[in-house]
There are 2 protein chains.
Amino acid sequence: MSLPHAILTALLEKPSSGLELTRRFDKSIGYFWSATHQQIYRELGKLEAEGLIRALPAEQPARGQRKSYEVLPAGRAELARWTAAAQDPKPMRDTLLLRLRAAAVVGTAGIEADLRRHLELHERQLAEYREIEKRDFPPGRDSPQDRLHHLILRAGIDLETFWTQWLAHALQEFTALPAGGPAPGVTDGEASNGGAGTTPRR
Amino acid sequence: MSLPHAILTALLEKPSSGLELTRRFDKSIGYFWSATHQQIYRELGKLEAEGLIRALPAEQPARGQRKSYEVLPAGRAELARWTAAAQDPKPMRDTLLLRLRAAAVVGTAGIEADLRRHLELHERQLAEYREIEKRDFPPGRDSPQDRLHHLILRAGIDLETFWTQWLAHALQEFTALPAGGPAPGVTDGEASNGGAGTTPRR
DNA sequence: CCCCATTGTGCAACTAGTTGCACAATGGGG
DNA sequence: CCCCATTGTGCAACTAGTTGCACAATGGGG
């Protein structure tokens, strides 16, 4: 739905080959819209077929050769259209929260280690964003583009900040919980055989 | 990937028919794992075929009739396994941030209204979460299950708080921007024909 | 009694994203 | 010179989620 527009944006910022795009999707743009190289090549083909981008004239366009693309006017127009069009935020899907909800039923055994790991990953990401902020947005720069890019980076920083704080709080909560976590089968308030979860009832 | 586990969790909390599940996915569980009724029916079929759930014996199991399901021991075991298994956070994909990045290239014309709309939507969601918190988590309740459920709700509240604050900040930033937003084609620092974005160059 | 809105279940086709390869060109090390 | 790791491009099959219907049962209004 949005990959073609992510690619158009990246190509407008700088005409690139598939591999260069892949690298840029591993940082910068990819921080909020990830894509694999296979997706990118496929989409480049479609965009070219639709006349939104074109391959830059290269010396020898043999296979296994870099092919760079640039955005055509129709591509820019499509991107402007898409950017301005209203879009509903799509409903969230978060595995970790779902697992926690499941843990409330089947027990928290085993999940704590992974929470800790996620905390570390988010801390690392946060540090990386802060590094970028320091490097790319020193106090002086405030052209409209800088402001927008900074705003986007700020969203990343604030989101990672939320996750690190929430995860830290969750882990704290866990240490206060009875050892091994809540027993399974508690929602109905009746007795259950409980246990490790792998034991079949009756 | 996670839908079957979301369904197992919901069914463990309370055996339900497809429609009941659909309703519960429109609130509660669905706040962090959304699913359509078609997805749910399809998945119920698979789970039953795999022996993880079974249909509760009903009076007349004719078509067009409610069929309720309950989780079998194998289903509970699978859910416990999945909950404890390590999982990498999957890379984020956020359309709004992508559109803002595109706007930095093709101009911000038209996007502001949608930011305002998103702000309202997030404010409404936040209010709803706060309502639920007040209703379901009065000061006294703090069984392990309550604590976990509250923790999850807190994540929702904090996320919506982030979005409302960030969007408010973004809108503020916009009023400070030159009218109509940045001109297109600015990244190379050279002159461009700028304009509305639909005008082809040359 | 029959029409029609509502409730409930489900299939089929499609779109987007992921996984697992295949294979060409390049260039340095033995 | 030839092997083999690296770089770069791409196809094919699969999985997950979405969209658009179809159709049965139920129950109230004319």
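Chain A is the first sequence line, chain B the second, and so forth, proteins listed ahead of strands; every chain is numbered from 1.
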Between Arg23(B) and Pro91(B), which residue's closest nucleotide on DNA chain C lies nearer the 5′ terminus? Arg23(B)

If pairing requires Watson-Crick or G-U wobble contacts with both distances under 3.5 Å, which nucleotide is the partner of dG27(D)? dC4(C)

Taking for each residue the nucleotide of DNA chain C bearing the nearest heavy atom, is the 5' side occupied by Lys46(A) or by His37(B)? His37(B)

With no hydrogens and no angle check, do the side chains of His118(A) and Gln87(B) hold a donor and an acceptor under 3.5 Å apart? no

So, does the side chain of Arg42(A) form a donor-acceptor pair with the base of dT18(C) at under 3.5 Å? yes

Please report the distance, rounded to the nearest Å, between CD in Gln38(A) and C1' in dC21(C). 9 Å

Glu43(B) CD to dG10(C) P, in whole Å, measures 14 Å

Does either side chain, that of Glu128(B) or that of Tyr31(B), offer a donor lying less than 3.5 Å from an acceptor on the other one? yes

For the pair Leu153(B) and Phe32(B), evaluate side chain to side chain contact (heavy atoms under 4.5 Å, CB included) and give the outcome as yes or no after the intermediate values. CA-CA 10 Å; Leu153(B) 181 59; Phe32(B) 48 89; over 6 Å; no

Crowded around Arg130(A) CZ? As in, over 12 foreign heavy atoms under 6.0 Å? no

Distance check needed: dG17(D) P versus Arg93(B) CZ, whole Å only. 12 Å

Nearest-Å distance for atom pair CD1/P, residues Ile7(B) and dT9(C): 13 Å

